[in-house]
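Structure first, then comments.
Counting convention: from 1, in listed order, for ligands and their atoms alike. Counting begins at 1 with the first residue of the sequence. Just so it is clear, the structure is predicted and the values come from calculations on it, not from any experiment.
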Amino acid sequence: MSGTSEGPRPAAVAAAGIARPPVTERHTFGRTAAEPPGGHDAHTPGDAHTGAGAHAPCDAQDFRGAFRAAELAMAVIDDEGAVASANDALAVLLDTEPAALTGRAAADLVDLASDSRTWEAYRAVLERRRARFRCTRRLKHPDGRTVWAEVTVVPVPESRGALLSIADISDRRELQARLRHLQMHDPVTRLPNRTLFFERLASALEASAYDGVAYGVSPAYLDRRSYGDGRTGRIGLCYLDLDGFKAVNDTLGHRTGDRLLAAVATRLTECADHDGYTRSGGHLVARLGGDEFAILVEDSTGTEQLADLARSVLTALQRPFDLAGQRLSVSASIGVVERAAEGTTPTGLMQAADTTLYWAKADGKARWTLFDPERNAHRMTRQALTSTLRPAVEREEFVLQYQPLVGMADGAVRGVEALVRWNHPQFGTLAPNRFIGIAEEDGSIVQLGRWVLRTACRQARRWQLDHPHTRPLFVSVNVAVRQVWDSDLVADVAEILAETGLAPQLLQLELTESAVMGSAGRPLQALQALSDMGVRIAIDDFGTGYSNLAYLSRLPVSVLKLDGSFVRGFRYDEGVHPSPADETIVEAMIQLAHRLGLTVTAECVETSGQAARLQRIGCDTGQGWLFSRPVAPERIGEMVAASPRGA
Ligand code: C2E
Ligand code: MG
Ligand code: MG
């Protein structure tokens, strides 16, 4: 836009009478603007003699002249908003004569009636309910160019009219626009930058949220909307990161790096333009920082469109780049997200894109990956669990269930295994495989494990006190390897037994093979000390690890818990491929264990056929759904009460 004015001039300039008219006569209506005020005869005699060298005060004629001559476009309007008098500058601006403006509604001249808020504010000034009204208007000059005008209306003191002034701020607007462009674009690639990207994203999402409401929506959007073309209510994003760009920068220098980024930007723009050519405005390609780019697809038509776009980008980037004589090849990883705009926030969309890009990288780079809500939910819950686990341990959001350990010979409940569950306020009851691993990783297993041990021992003692005439149940508590390494397990056990009054013989600790294998030093000493105390040590899930019975027998271990997979191999009773090998192996294992002084518990006994077989081959104890699922402590109390006295 070419400069047509020197920017706004404050109304004060004209009102103070400082601005003198140009020497050339420009106007024909009434007096010429060039007529000097001194040429008029409206001075009062007193005015002319107010001291030697003093300025003579202006008369009404002077003011009228100043008004006409002012470079600021102005009009005096009456209380109905009709033009009483317009100055020359206004006439020039509107390409007419001042006289032609008299009587016209000022609101029509500068479009003040098109929206109700503006209209209300303008009327309030005319009716003297408000001291001033100001707005910016985009006017069409009769010569075709656009003029940005700052319109001000103030009441004229001691009169019923108001002064309307219009400053041409086109230059200021243009400067602002240029500055904004600089602020919103990346100098290396000339693409929109992160700020502009987020602005566009936010307004795209807002636009779908406020259906039909023009608040804060870009005009381009409104145009498309009012023509109803191609609105889908969906949004898509390709979030792209170059693979190994850092190496390019490090080995070939930042200049080459910048050239490469600019060349990549060009190819991305070509792909986006090709895909978006039917839409006005096309897709927005932005550089989000470093070697990260984004292609925003407003009104996307589904994942297929985004997948096609991502594919075309990967293909476009496969062609080597020729950068000032240097041939370079790059690849990129792309995270693709496509969804309904409603209910989507910029942060939500970017998080999904970020996660998906991470998957694309983790899956081997040089590929595009589509956002997968399930994969994300898993990651989210793991994240959510990790962050809430520690406080949950402090708040004791956990409960124990107990699963009977039954004598195979007589079917009597000998003991129970304590199994922990997390009553998560958000995710409901969680099984231990969801959080024990996390607790082991972040160390909170130590505190959780102590709570499990104390609660289980207290409960076992409670059953014993409640049922003094039956054989007391032992309680079997799972211990994670970190509890042996990172805490003084021996001291904890001793303290808890003393505190609860439970006999050490009624406590069994379950450790996995891997936890005790190769144990020497501290863990071995701990096992020994516990065993010396009278606490039994069981090897949990036996058979899944080294299964080195000879080695285990040298450790202070007294029970083997055979992993469920062995019992599951017993298929005779179900008539499906009998596999005597499993039974033979288990039988041999049990015999060997007995010879080494160990007792054997079988896990996952689900059918009576399995139980019968286990009993026949000499298994001591069984645990599984056939006998009972893990249950609340009250249920165990009832089982004890129902068992024969002294059993
Ligand atoms: P585990 O110690 O081997 O516990 C036995 C698991 O097998 C339990 O799963 C139990 O519900 C399940 N189970 C019992 N009978 C049957 C059956 O007949 N069929 C089948 N299919 N499954 C059966 P749960 O309660 O989900 O516990 C899983 C694992 O979590 C436990 O395996 C144990 O390793 C760990 N765990 C549980 N509580 C604790 C705890 O307080 N501390 C530690 N460190 N680990 C625990
Ligand atoms: Mg166990
Ligand atoms: Mg087990």
Worksheet item: With under 30° as parallel and over 60° as perpendicular, where do the rings of Phe398 and Phe435 fit, or are they tilted in between?
Response: tilted
Discussion item. Cation-pi check for Phe371 against Arg339: NZ or CZ below 6.0 Å from the six-membered ring centre and within 45 degrees of the axis, yes or no?
Written reply: yes
Worksheet item: Hey, does the side chain of Glu495 reach the backbone of Ala491 with a donor-acceptor pair shorter than 3.5 angstrom?
Response: no
Worksheet, complete the sentence: The protein N, O or S atoms lying under 2.8 Å from the Mg ion (ligand 2) are Glu417 OE2, Asn478 OD1, Glu510 OE1, Asp540 OD2
Discussion item. Between Cys238 and Leu306, is there a side-chain heavy-atom distance shorter than 4.5 Å?
Written reply: yes
Ligand-protein N/O pairs under 3.5 Å (ligand 1):
residue, atom, partner, partner atom, Å
ligand 1, 2 (O), Glu417, OE2, 2.9
ligand 1, 2 (O), Asn478, OD1, 3.0
ligand 1, 2 (O), Asp540, OD2, 2.8
ligand 1, 3 (O), Asp541, OD1, 3.1
ligand 1, 15 (N), Gln403, NE2, 2.9
ligand 1, 18 (O), Trp625, N, 2.9
ligand 1, 19 (N), Glu606, OE2, 2.6
ligand 1, 21 (N), Glu606, OE2, 3.2
ligand 1, 25 (O), Arg421, NH1, 3.0
ligand 1, 25 (O), Arg421, NH2, 2.9
ligand 1, 38 (N), Val420, N, 3.2

Worksheet item: Taking NZ, NE, NH1 and NH2 as the nitrogens, is one of them in Lys561 or Glu417 under 4.0 Å from a carboxylate oxygen of the other?
Response: yes
Worksheet item: Taking NZ, NE, NH1 and NH2 as the nitrogens, is one of them in Glu499 or Arg458 under 4.0 Å from a carboxylate oxygen of the other?
Response: yes
Take a 6.0 Å sphere around [atom1] of [X] and say whether it holds more than 12 heavy atoms from other residues, nucleotides or ligands.
X      : atom1 : answer
His378 : NE2   : no
Tyr358 : OH    : no
Glu304 : CD    : yes

